[in-house]
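First the proteins, then the strands, lettered A, B, ... as listed; each starts at 1.
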Number of protein chains: 2
Amino acid sequence: MAARELAEAEGWEALTTRRLAERVEYSQPVLYSHFKGKDAIVAAVAQEGFTELAKLLRTARTATDGQEPRRRLRAVCQAYLRFAVERPALYQAMFVLPTRLEFAGEETPTALRAAFDAFMEALPEAAPEREARAELLWAALHGISTLSATDRIPAQGGATRLDLLIEGILPRG
Amino acid sequence: MAARELAEAEGWEALTTRRLAERVEYSQPVLYSHFKGKDAIVAAVAQEGFTELAKLLRTARTATDGQEPRRRLRAVCQAYLRFAVERPALYQAMFVLPTRLEFAGEETPTALRAAFDAFMEALPEAAPEREARAELLWAALHGISTLSATDRIPAQGGATRLDLLIEGILPRG
DNA sequence: CTGAAATTCTAGCACTGCTAGACAGGCGGT
DNA sequence: ACCGCCTGTCTAGCAGTGCTAGAATTTCAG
C-alpha cells in the first residue's frame, strides 16, 4: 500500500488524495473506485498495522516462552512500545485517527483479536481478572505511547515507568 | 471562549474559522489579529481545559484529605475520567490534537503543572518513585479515556479496570 | 468492424485555513 | 475646520482539501 509509505514518510496530514493518486500514477477518481473514501484508505492501512503488531507481539511472547512471568510481560510490552515508536504513522492510523473499525463487536477483524490475545497471553494464565488486566495493560501502554510521542511526558524515565507498570499489572504475591 | 462552546457542541471538525467568525459576529480576518492561527485557538481552549482539570483534581483530593490512600486515589482518578467523558472536545484539545504546548519545559503553563501535581499528591507521600508513578497513572488514565472514547475498549468493565489500576499503582505493602 | 461495457480522465463543486488590499472611523496637530 | 495617520474591519481571493459528474478513452465480445 502506497498510502502507508507516504504517511510513514511524511505523516498523515501530508497524505492527500491528489498526492496519493500521483504516487500510484493514476488520477484521483480511481482511488474512489477502489476505496469508498479517504477514511477507508486509512482503515485499510490500520488493518495492515494490526496484523503486523499482532505478529510482533506473538513472536515476543513465544520467544520468551517458559521464562519467568516478569520477563515475558516485559518482552511483550517492549515490543508494543517499540512498534509505536518506530511506526508512528501506522500507530496513529490504528489508534488515534477517527476510523470506523469494530473493536469489540462481531466484525472485529481477526488481526485485532489476535493482537489483544497476545496481550492476554503475556499475563500468567492463572491471573485473576485476566481480561480486564490485559485491557488495562493495553490502555497504559497506549497512554505511554501517545503521551510520549507528543512530548507530553518526558522521554527520560521510560524504563522506570515500564518497571512500575510490570510490577503493578502482575497479580500480587 | 466561543470556540470552546462550538467544539463542545459539534466537535472539533465542525470548528471552522468561518463558523467561528460568524458565531462571534465578526468577519474571518479579525480572528487572525487575535490569534496567530487556528492552532493558537485550540491551544487557548486547551489551556482553559488544564486550569479546569487542575481545579477538579484538586478538589477531589482535598475532599478526601485524611481518608485512606485507596479512596483518595480513587476519587482523583474518577474525577479525571469523568472530566474526559463529560468534556470530550476539551479533552481532545488538551491531549490528542497536535498543539505546540510545552509540557515539561520551562514555559510549561502553571495550570498544567498544577494538574500534574494534583496527580502526584493523590499518591502517598512516602511512595517510592512518586513522580514516575504519577506519570504512569496519568498515562493509564489517558489510555483508558481515549480508548473508550473511541470504543476501542468495552465500556463495560470500567470499574474493574479502575480497581486494578488503583491496586497496581499504589506501592505494595 | 461494430457496439457495448468498463475504465480512466478532465473539470468542477463546496469547503478549508489564511491573507492582501480597500475602506471606514476616530485621533491629535495645525 | 481640515488634514494626515493609525487602528480596526471588511470584501475578495489564493491555494489547497475531499469528493463527484460526465466526457473520453480503451477493451473486448459478437
Side-chain angles (χ1 to χ4, degrees), chain A residues 1-50 87-102 149-152, chain B residues 1-50 87-102 149-152:
Chain A
M1 176 78 64
R4 174 175 163 178
E5 299 168 19
L6 199 53
E8 284 187 344
E10 313 187 37
W12 283 107
E13 67 281 359
L15 182 81
T16 71
T17 57
R18 276 171 242 267
R19 293 193 21 135
L20 181 55
E22 185 184 9
R23 182 93 154 210
V24 297
E25 292 185 306
Y26 279 99
S27 72
Q28 241 185 323
V30 312
L31 296 179
Y32 292 87
S33 56
H34 290 280
F35 299 96
K36 206 175 153 211
K38 196 185 178 184
D39 288 359
I41 295 175
V42 339
V45 174
Q47 189 100 236
E48 271 188 44
F50 278 113
R87 312 202 105 88
L90 204 48
Y91 190 85
Q92 271 196 8
M94 295 159 63
F95 290 118
V96 344
L97 297 186
T99 72
R100 271 297 127 236
L101 269 179
E102 283 282 330
T150 54
D151 292 325
R152 283 170 160 96
Chain B
M1 176 77 66
R4 174 175 162 176
E5 299 168 17
L6 200 54
E8 284 188 342
E10 313 187 36
W12 283 108
E13 68 281 359
L15 181 81
T16 72
T17 57
R18 275 170 242 269
R19 292 196 13 134
L20 181 55
E22 186 183 9
R23 182 91 152 211
V24 297
E25 291 185 308
Y26 278 100
S27 74
Q28 240 185 324
V30 312
L31 296 179
Y32 291 86
S33 57
H34 289 281
F35 299 96
K36 204 175 153 211
K38 197 187 178 183
D39 288 0
I41 295 174
V42 340
V45 174
Q47 189 101 236
E48 272 189 42
F50 279 113
R87 313 202 106 87
L90 204 48
Y91 190 86
Q92 273 197 8
M94 296 159 63
F95 290 117
V96 343
L97 297 186
T99 72
R100 271 297 127 233
L101 269 179
E102 283 283 328
T150 54
D151 291 325
R152 283 168 159 97

Problem set entry | B/A3 versus B/V45, closest heavy-atom pair with distance | CB-CG2, 4.1 Å
Seminar exercise, completed: Those residues at least two apart in sequence (or on a different chain) that pass side chain to side chain contact (heavy atoms under 4.5 Å, CB included) with A/E8 are A/R4, A/R87, A/A89, A/L90
Problem set entry | Of the listed nucleotides C/dC9, D/dT11, D/dG18, the one nearest the side chain of A/S27 | C/dC9
For this session: Name all residues meeting the side chain to side chain contact (heavy atoms under 4.5 Å, CB included) criterion together with B/Q28; count only those two or more places apart in sequence or in a different chain, and write none if there are none.
Result: B/T17, B/R18, B/A21
Seminar exercise, completed: Smallest heavy-atom separation, A/A46 atom then A/A93 atom, equals CB-O, 3.6 Å
For this session: Using a 4.5 Å cut-off on heavy atoms from C-beta on, say whether the side chain of B/W12 contacts that of B/V96.
Result: no
For this session: Calculate the interatomic distance between B/Y32 atom OH and D/dC14 atom C1'; express it in whole Å.
Result: 13 Å
For this session: Using only heavy-atom distances, decide whether a donor-acceptor pair under 3.5 angstrom links the side-chain of A/Q28 to the base of D/dC19.
Result: yes
Exercise. To the nearest Å, how far apart are B/I41 CD1 and C/dG17 P?
Worked result: 9 Å
Atom pairs under 3.5 Å: protein N/O with N/O of nucleotides 21-27 of chain D:
none

For this session: Pull out every residue in residues 15-26 of chain B that has a heavy atom closer than 4.0 Å to any atom of DNA chain C, ordered by number, or say none.
Result: B/L15, B/T16, B/T17, B/R18
Problem set entry | Nearest-nucleotide 5' precedence on DNA chain D, A/K36 against A/E13 | A/E13
All N/O donor-acceptor pairs, side-chain side in residues 32-42 of chain B, below 3.5 Å, sequence neighbours left out:
unit_1, atom_1, unit_2, atom_2, d
B/S33, OG, B/V30, O, 2.6
B/K38, NZ, B/L15, O, 2.9

Problem set entry | Where at least one partner belongs to residues 20-32 of chain A, residue pairs that pass salt bridge (charged side-chain N to carboxylate O under 4.0 Å, His left out), sequence neighbours excluded | A/E5-A/R23
Exercise. What pair of heavy atoms forms the shortest contact from A/L97 to B/R152, and how long is it?
Worked result: O-NH2, 3.4 Å
Problem set entry | d(NZ, B/K38; P, C/dC15) in whole Å | 15 Å
